[in-house]
Student: 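After the structure tokens below, expect a handful of questions from me.
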Amino acid sequence: MHSLLSGPAGHCSLRNLLLPAAILAPLFLFSQNEPAPIKYGFISREDLEMKVYAPDSSAAAVVLCDYGTLMFEMPDNSPYITLARHKRIKFLRRAGFDQGDVKIPYYASLMKIKNLKIQVLAPDGTTSEVPKSAIFDEKVNDKWRRVRFAMPNLQEGSVAEYSYELDSKYIFELPEWYFQEDIPVRWSELRLTIPVWYQYISLLNGRNPDVREAKAYNFIFSGRMTQANYIRMVMKDAPALREESFITTMDDYYARIRFQLKSVHYPEEPIQEVLSTWDKAARDLLEDNSFGAQFTKKSKFRNAWEAAQPDLLRATTAEGKIEALYHFVQHSFEFETFTSVYARQDLSDLFEQKSATRSEANLLLVALLREAGFPADPVLTSTRDHGQPVTEYPVIDQFNHVLALVYLGEKRLLLDAGNSFRPPGMIAVNSLNREGWKVHATRPEWIPIEPQPANEVYFGSFRLDEEGQLNGKIQIVEEGYSAMERRSDLDKKTAGEYWKAKIQERHPDARVDSVVVLDKDNLNKPLHENLNCILPAYAQISGDFIYLNPVFYSAYFENPFKLERRTYPADMPHPVKERLVTELAVPAGYRVESLPESARFNLPNNGGRFQYIVS
């Protein structure tokens with residue numbers, strides 16, 4: 001059986017949380033006194049006539065109110081959750097019309113959407129409703145579906161609203177609530193009513209909501225008095241968070257709240273601990289047929305092990321054997337984009353089909369390394385686009401990827417299959433998310449994921465003529481992630497085509513020839529590229545003077561940080577080092593009249609450095 005908190009992805013067991021047979025009556029809760037912040041169909045004239053949202057005059061749209069109530073229902077012998085949601089949006093300019101395209105995801109086997117209502121009010125008060133024929137229920141993948149619709153007849157000044165109910169049998173995790181979005185949110189409110197039988201932990205991101213009420217209410221259940229906890233959370237005037245370069249996922253920065261079930265205690269029944277310890281979570285995973293059994297039982301990977309023997313026999317050192325198994329796995333599969341920490345089939349079957357996820361390939365790599373005599377363990381991670389990991393609680397469904405960890409003496413090496421241009425020890429950029437959790441029977445632990453840098457050196461040796469043209473050679477040396485990405489790019493087109501297009505992005509009239517690439521296939525060496533280049537009209541001629549910029553190429557001609565005020569950190573997946581050297585011969589009869597001033601800047605805490613030297 002899978003861990004109870006492995007998420008609604010086919011790895012949960014509701015059998016463990018059925019009510020005792022004696023408790024069959026439905027749950028009736030007293031309604032709370034505080035009225036709802038909005039009522040469907042009742043929109044104030046002030047909101048309808050709004051031209052600008054005062055706290056953010058640049059906003060193209062604003063969420064006027066997002067209101068949800070979450071309650072438990074107990075028909076028959078099994079609990080489920082109902083989230084009733086009502087959202088209202090003001091469209092101020094055409095640039096905000098994309099907010100009218102709405103998608104509501106749900107897990108097909110455990111959830112359903114019902115009582116969906118949608119309407120749009122034009123500035124003159126005219127109402128348009130979305131016909132059922134314009135509401136689509138789409139398949140996302142084998143597990144998930146979504147309801148999708150577009151607001152009709154949007155105009156600048158329109159107000160749209162929709163409401164629905166989400167029924168969910170998955171009580172291990174309550175539907176998460178976002179108080180903040182990429183447009184301003186004037187009012188966001190969530191009310192929860194949870195029977196005292198269920199104890200949840202809350203996981204908060206970003207700014208904390210204002211808890212307006214937190215009470216215990218009595219209700220009659222099965223002829224006896226018991227209680228439910230009621231909590232009302234509100235956030236006013238949440239500013240828009242707009243995506244910028246160098247982040248993980250915006251979900252790490254939006255103000256939001258999640259709830260994970262910790263324990264269950266029904267009347268006259270013992271407490272059932274749901275959120276276990278990290279040690280128990282590791283043991284459960286190692287016993288799981290879709291996880292631990294895949295690399296501890298040889299029958300699950302026997303055919304792959306036999307196929308790997310010729311590669312192993314050619315290796316003469318321990319390092320060589322690890323590298324041989326890594327490359328064997330790399331070239332054994334076409335990699336799928338689906339992500340999960342669990343294997344969908346036995347690794348032997350996946351090996352025969354030659355198709356796997358990166359996680360499945362890394363589970364196979366753990367199996368082969370262990371069989372070859374190396375200490376190896378799986379490491380669970382949350383990819384950057386999935387969100388930062390939570391280390392305080394053993395929540396397994398936060399993980400969506402597996403890495404392979406192998407020990408060679410005192411050396412610890414993380415491996416991540418999935419890209420044939422990535423050498424052993426280099427992790428996919430999307431997996432560089434601070435920490436991973438090593439699954440070990442007796443010593444599970446969080447380990448740092450330390451990235452290699454991306455190093456680039458550009459050396460240009462040019463001669464400048466009287467017409468302002470540069471003629472010369474460019475030598476490029478790349479290491480780490482720079483070399484990996486360039487090798488991948490050069491695999492898609494010839495080196496000449498590639499570098500001609502790259503140089504012409506900055507210099508449209510450039511002529512590039514004689515491109516030579518060295519060590520393209522030797523992943524353990526730096527990548528070298530040499531090319532001849534002519535840059536016509538590079539310099540500006542003015543009378544007897546020639547003006548030019550000595551920076552002929554850079555990946556940072558433009559500042560990637562465009563927001564005037566950034567409210568969340570810049571999270572670069574790996575260090576970046578770019579070094580540019582220009583050697584310039586001036587035309588005969590000319591001398592250097594003036595040079596740019598040299599400069600050096602250092603960011604606090606050794607966060608970055610810029611150095612500019614001209615001589």
Student: With Gln475, which residues qualify under side chain to side chain donor-acceptor pair (under 3.5 Å), at least two apart?
Tutor: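 None.
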Student: What do the steps show when you test Phe172 against Asp397 for side chain to side chain contact (heavy atoms under 4.5 Å, CB included), and what is the final call?
Tutor: CA-CA 11 Å; Phe172 305 100; Asp397 71 346; over 6 Å; no
Student: When you measure from the side chain of Asp137 to the backbone N and O of Arg145, does any donor-acceptor pair fall under 3.5 Å?
Tutor: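 Checked: no pair found.
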Student: About how many Å separate CZ of Phe301 and CZ of Arg370, when rounded to the nearest 0.5 Å?
Tutor: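 Here the interatomic distance stands at 9.0 Å.
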Student: Looking only at non-hydrogen atoms, find the nearest pair between His331 and His327 and report the distance.
Tutor: ND1-O, 2.8 Å
Student: Find out whether the Lys NZ or Arg CZ of Arg506 is both under 6.0 angstrom from the six-membered ring centre of Phe557 and within 45° of the ring's axis.
Tutor: yes
Student: Roughly how far apart are Thr381 OG1 and Asp416 CG, rounded to 0.5 Å?
Tutor: 7.5 Å
Student: Between Asn205 and Asp252, what is the shortest heavy-atom contact and its length?
Tutor: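 Distance-wise, the nearest heavy atoms are ND2-O, 3.4 Å.
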Student: Output every pair passing salt bridge (Lys or Arg N to Asp or Glu O under 4.0 Å) with a member in residues 291-309, not counting sequence neighbours, ordered by first then second residue.
Tutor: Lys298-Glu371, Lys300-Asp346
Student: I'd like to check the ring pair (Phe, Tyr, Trp, His ring centres under 6.0 Å) partners of Phe552; sequence neighbours left out, ordered by chain and number.
Tutor: Phe462
Student: Is there a side-chain contact between Ile322 and Leu415, using heavy atoms and a 4.5 Å cut-off?
Tutor: yes
Student: Where does the angle between the aromatic ring planes of Phe399 and Trp437 fall among parallel (under 30°), tilted (30 to 60°) and perpendicular (over 60°)?
Tutor: parallel
Student: Backbone N or O of Lys262 within a donor-acceptor pair of the Gln199 side chain at under 3.5 Å?
Tutor: no
Student: Are any of the side-chain heavy atoms of Lys169 and Tyr107 separated by less than 4.5 Å?
Tutor: no
Student: Compare all side-chain heavy atoms of Asp279 with those of Pro444 and state whether any distance is below 4.5 angstrom.
Tutor: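 Yes. Closest side-chain heavy atoms under 4.5 Å.
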Student: Run the side chain to side chain contact (heavy atoms under 4.5 Å, CB included) check on Val264 and Val274 step by step: do they pass?
Tutor: CA-CA 7 Å; Val264 180; Val274 177; 4.1 Å; yes
Student: Atom CG in Asn530, atom CD1 in Ile476: separation rounded to 0.5 Å?
Tutor: 8.0 Å
Student: Quick check: are there more than 12 heavy atoms from other residues, nucleotides or ligands sitting under 6.0 Å from CG of Asn606?
Tutor: no
Student: Okay, side chain of Glu478, backbone of Pro526: is any donor-acceptor separation there less than 3.5 Å?
Tutor: no
Student: Does a side-chain heavy-atom distance below 4.5 Å link Pro394 with Leu275?
Tutor: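 Side-chain contact under 4.5 Å: yes.
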Student: For Asp571, check side chain to side chain donor-acceptor pair (under 3.5 Å) against everything at least two apart and list the hits.
Tutor: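 Result, side chain to side chain donor-acceptor pair (under 3.5 Å) vs Asp571: Arg384, Arg434.
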Student: Just so I know, are the side chains of Asn433 and Pro389 near enough to count as touching, which here means a heavy-atom distance under 4.5 Å?
Tutor: yes
Student: Taking only residues two or more places apart in sequence, or in another chain, which ones meet Glu181 in a side chain to side chain donor-acceptor pair (under 3.5 Å)?
Tutor: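 In terms of side chain to side chain donor-acceptor pair (under 3.5 Å), with neighbours along the sequence ignored, Glu181 is linked to Lys87.
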Student: Under the side-chain hydrogen bond (donor to acceptor under 3.5 Å, both in side chains) test against Asp385, which residue among Thr339, Asn430, Thr248 passes?
Tutor: Asn430
Student: So that I can tick it off, tell me whether Arg148 and Asp101 are bridged by a salt bridge, with the cut-off set at under 4.0 angstrom between side-chain N and carboxylate O.
Tutor: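 Judged by the 4.0 Å cut-off on N to carboxylate O distance, Asp101 and Arg148 do not form a salt bridge.
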Student: Under 4.5 Å between any side-chain heavy atoms of Asn605 and Leu603, yes or no?
Tutor: no
Student: Which pairs with one or both residues in residues 437-458 pass salt bridge (Lys or Arg N to Asp or Glu O under 4.0 Å), sequence neighbours excluded?
Tutor: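 Matches after skipping sequence neighbours: Lys438-Glu445.
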Student: Determine whether Tyr481 and Ile427 make a side-chain contact, defined as any pair of heavy atoms from C-beta on separated by less than 4.5 Å.
Tutor: yes
Student: Does Glu392 have any salt bridge (charged side-chain N to carboxylate O under 4.0 Å, His left out) partners at least two apart in sequence or in another chain, and if so, which?
Tutor: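 Once residues adjacent in sequence are excluded, Glu392 has no partner under the salt bridge (charged side-chain N to carboxylate O under 4.0 Å, His left out) criterion.
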Student: Working to the nearest 0.5 angstrom, can you tell me the gap between Tyr200 OH and Gln260 CD?
Tutor: 9.5 Å
Student: Would the distance check show the side chain of Gln330 and the main-chain N or O of Asn419 forming a donor-acceptor pair, the cut-off being under 3.5 Å?
Tutor: yes
Student: Check the pair His528 / Val516 against side chain to side chain contact (heavy atoms under 4.5 Å, CB included), numbers first and verdict last.
Tutor: CA-CA 8 Å; His528 291 78; Val516 177; over 6 Å; no
Student: Do the side chains of Lys280 and Asp284 get close enough for a salt bridge, i.e. N-O under 4.0 angstrom?
Tutor: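 Yes, Lys280 and Asp284 are salt-bridged.
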Student: Under the criterion side chain to side chain contact (heavy atoms under 4.5 Å, CB included), I'd like the reasoning laid out for Phe291 against Leu380: C-alpha separation, chi angles, the key distance, then a yes or no.
Tutor: CA-CA 11 Å; Phe291 187 81; Leu380 304 189; 3.7 Å; yes
Student: Would you call the rings of Tyr458 and Tyr553 parallel, tilted or perpendicular if under 30° counts as parallel and over 60° as perpendicular?
Tutor: tilted
Student: Using a 6.0 Å cut-off, check whether atom CZ of Arg242 has over 12 heavy atoms from anything other than its own residue.
Tutor: yes
Student: Hey, what's the ring geometry for Phe72 with Tyr198, parallel, tilted or perpendicular (30° and 60° as the breaks)?
Tutor: parallel
Student: For Asp377 and Tyr407, test the side chains for any donor-to-acceptor distance below 3.5 angstrom and give the result as yes or no.
Tutor: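 No, Tyr407 and Asp377 have no side-chain donor paired with an acceptor closer than 3.5 Å.
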Student: Strictly distance-based, threshold 3.5 Å: is any side-chain N or O of Thr249 a donor or acceptor partner for the main-chain N or O of Gly387?
Tutor: no
Student: At what distance, to the nearest 0.5 angstrom, does CG of Leu523 lie from OG of Ser420?
Tutor: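 Going from CG on Leu523 over to OG on Ser420, the span is 8.0 Å.
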Student: Scan residues 516-527 for pairs that pass side-chain hydrogen bond (donor to acceptor under 3.5 Å, both in side chains), counting only residues two or more places apart or in two chains.
Tutor: Glu323-Asn524
Student: Considering only heavy atoms from C-beta outward, does the side chain of Ser488 approach that of Met484 to under 4.5 Å?
Tutor: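 Heavy-atom side-chain distance check fails, nothing below 4.5 Å.
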Student: Using every non-hydrogen atom in the two residues, find where Ala315 and Lys321 come nearest and quote the distance to one decimal.
Tutor: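 Shortest heavy-atom contact: O-NZ, 3.4 Å.
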Student: Kindly state each residue pair satisfying ring pair (Phe, Tyr, Trp, His ring centres under 6.0 Å) with at least one member in residues 242-261, sequence neighbours excluded.
Tutor: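 As it turns out, the ring pair (Phe, Tyr, Trp, His ring centres under 6.0 Å) pairs with a partner in residues 242-261, which skip direct neighbours, are Phe246-Phe561, Tyr253-Tyr568.
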Student: Considering only residues two or more places apart or on different chains, which pairs with a residue in residues 327-338 satisfy salt bridge (Lys or Arg N to Asp or Glu O under 4.0 Å)?
Tutor: Glu336-Arg344
Student: Under 3.5 Å, is there a donor-acceptor pair between the side chain of Asn362 and the main chain of Leu365?
Tutor: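 No: the side chain of Asn362 does not pair with the backbone of Leu365.
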Student: How far apart are the closest heavy atoms of Val429 and Glu485, and which atoms are they?
Tutor: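 For Val429 versus Glu485, the nearest heavy atoms are CG2-OE2, 4.3 Å.
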Student: Can you tell me which residue pairs pass the salt bridge (Lys or Arg N to Asp or Glu O under 4.0 Å) test with a partner in residues 400-414, sequence neighbours excluded?
Tutor: none
Student: Just to verify, what does Arg146 make a salt bridge (charged side-chain N to carboxylate O under 4.0 Å, His left out) with, not counting sequence neighbours?
Tutor: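 Arg146 satisfies salt bridge (charged side-chain N to carboxylate O under 4.0 Å, His left out) with Glu138 only.
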Student: If I take atom CG from residue Leu527 and atom CZ from residue Arg486, how far apart are they, to the nearest 0.5 angstrom?
Tutor: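 So the gap between those two atoms works out to 8.0 Å.
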Student: Give the minimum heavy-atom separation between Pro573 and Leu432, together with the two atoms involved.
Tutor: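 Looks like O-CD1, 3.6 Å.
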Student: Can a donor-acceptor pair be found, under 3.5 Å and without considering hydrogens, that links the side chain of Asn455 to the backbone of Glu479?
Tutor: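 Not a single qualifying donor-acceptor pair exists.
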